[in-house]
Amino acid sequence: MTTIQAPRGTRDILPQDQVLWEHLVDFCKLRANQFGYLPITIPTFEETGLFERSIGESTDILEKELFIVSNRNSAESDRYALRPEATAGIVRAFVEHGLHTLPQPVKLYNILNNFRYERPQKGRYRELWQFDLEIIGEKSPLADCWCILTGYQLFQSLGLTEVELQLNSLGLLEERTEFLSALRDYLEPRKDQLSEDSKRRLDSNPLRILDSKDPQDQALLKDAPKLLDFFGPVSQSHFEQVKKTLDLWKIPYHLNPHLVRGLDYYCHTTFEWYLPGEGGSQSALGGGGRYDGLLPQLNGPDLGAVGQALGLDRIFNALDAKGYKLAHTNNPELFLIPADEAGLQHILQILPELTWLTNPRVDWSFEKVGVGNLLKKALKLEAEAVLIIGSAEIEKGKYQLKWLQTGEQEEVTLDELKAKF
Ligand code: AMP
């Protein structure tokens with residue numbers, strides 16, 4: 001019989017990694033809460049049409065990476081798909097439940113696993129975890145800055161101070177349309193020199209050629225028309241306000257005119273978080289931008305929206321590579337050792353009281369296998385202290401408490417014991 005392993009591109013997060021993983025998740029929740037975001041849970045799968053309308057049919061995610069969910073007995077074989085990202089589901093929920101009636105903007109977040117049929121490699125998984133933050137119902141550039149500040153402070157407070165912010169603006173749709181026509185005019189006569197992907201995109205989604213990783217494409221783009229030159233006063237002032245505020249907040253950024261999102265409903269600010277020194281797109285720890293057109297696209301009101309998705313797997317890997325180790329948090333603070341049968345019976349009596357709501361974190365031996373053996377076990381578990389209970393202690397009404405790091409020993413009543421933790 002062959003052994004079944006985890007599917008390619010998925011991974012188990014084992015107990016020894018959970019300490020860091022949980023810490024990261026808790027940390028994200030804490031930051032989200034401090035910035036006023038409320039949690040929202042959305043379905044793991046949605047109508048495929050939602051992703052076609054929100055992510056766009058001529059994107060890698062839709063063309064190659066969607067996991068279709070079907071039932072063996074159903075005729076609708078591609079009606080549903082696993083969510084490849086959270087924004088589409090969040091905006092769908094916002095529209096469906098009329099969240100525009102709440103005080104605006106509505107700030108929402110979630111920490112969820114998403115699914116993309118990518119070619120797996122380090123930092124690129126088919127089941128990927130993202131911390132997603134959205135500010136819906138606000139068109140001010142200051143909302144873009146608020147969103148960026150959340151990400152910036154998260155990286156700073158996690159100690160990933162080297163993470164770089166790359167920033168761009170996509171302006172408005174009309175400006176992009178004019179720019180794209182100029183870009184096409186420039187690239188068409190040079191089509192032969194483009195990579196296969198970019199050749200294809202010249203017709204379907206030429207904006208995406210700008211973020212091609214192919215060196216020859218990049219070289220060709222050096223002298224191509226620049227989107228910023230097509231901006232009118234609204235786009236110029238939106239971008240200026242973002243940069244001015246980031247300067248005020250001392251958030252460093254690199255302007256990257258090739259940072260694009262290829263769909264019509266994106267506008268103005270777009271940004272990515274990068275870990276410097278590593279090549280390729282796997283070093284992106286997150287990204288986001290403004291998507292004012294998505295709500296109307298999903299039959300919602302014309303409200304502004306900006307958001308970002310941070311890649312938890314990659315942030316986890318970056319912290320792990322830095323030796324970001326946290327103390328074990330499951331070691332017992334108090335390990336109970338029965339010295340004899342009466343001791344074991346007594347432990348059974350006091351356990352519920354000892355574990356009631358407050359500290360200490362208790363572990364105990366289910367059987368009496370000798371005080372020496374149990375002491376060894378307590379040391380292995382990195383217990384902070386042991387409590388030895390036998391007939392003599394029960395008679396006295398005082399237990400022996402031994403602190404394992406210092407070797408100090410004292411006699412305590414149950415109340416005195418509880419007061420120590
Ligand atoms: P995106 O939703 O594609 O804008 O990605 C946002 C962030 O999620 C990226 O910057 C990565 O950190 C992370 N990410 C995207 N795709 C993957 C993947 N296949 N595996 C792991 N992390 C990913």
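Order of listing sets the numbers, starting from 1, for every ligand and every atom in it.
Looking at Glu240 and Lys244, no side-chain N of the basic residue comes within less than 4.0 Å of a carboxylate O on the acidic one, giving no salt bridge. Salt-bridge annotation for Asp192 and Lys199: absent, with no side-chain N of the basic residue lying under 4.0 Å from a carboxylate O of the acidic one.
If you number the atoms of ligand 1 from 1 as listed, the ones under 4.0 Å from a heavy atom of Glu118 come out as 16 (N), 17 (C), 18 (C), 19 (N). When each atom of ligand 1 is checked for a heavy atom of Tyr125 under 4.0 Å away, the hits are 18 (C), 19 (N), 20 (N), 21 (C). The contact set between ligand 1 and Ala284, taken as ligand atoms under 4.0 Å from a residue heavy atom, comprises 9 (C), 10 (O), 11 (C), 12 (O).
Contacts between Leu128 and ligand 1, counted as non-hydrogen atom pairs separated by less than 4.0 Å, involve the side chain only. Within the 4.0 Å heavy-atom criterion, the part of Arg116 lying near ligand 1 is the side chain and not the backbone.
Here the shortest heavy-atom distance to atom 7 (C) of ligand 1, taken over Arg119, Gln130, Arg314, belongs to Gln130. Summarising the contacts of atom 10 (O) of ligand 1 with Ala309, Gly311, Gly286, the nearest heavy atom is found in Gly286.
Closest of all the heavy-atom pairs between Phe94 and Gln104 is CZ-OE1, 3.9 Å. The heavy-atom pair separating Leu303 from Leu295 by the smallest distance is O-CD1, 4.0 Å.
Under a 3.5 Å cut-off, the side chain of Arg31 and the backbone N or O of Gln153 do not form any donor-acceptor pair.
Residues Tyr109 and Tyr37 keep their aromatic ring centres 6.0 Å or farther apart.
The shortest N/O to N/O separation between Glu85 and ligand 1 does not fall below 3.5 Å.
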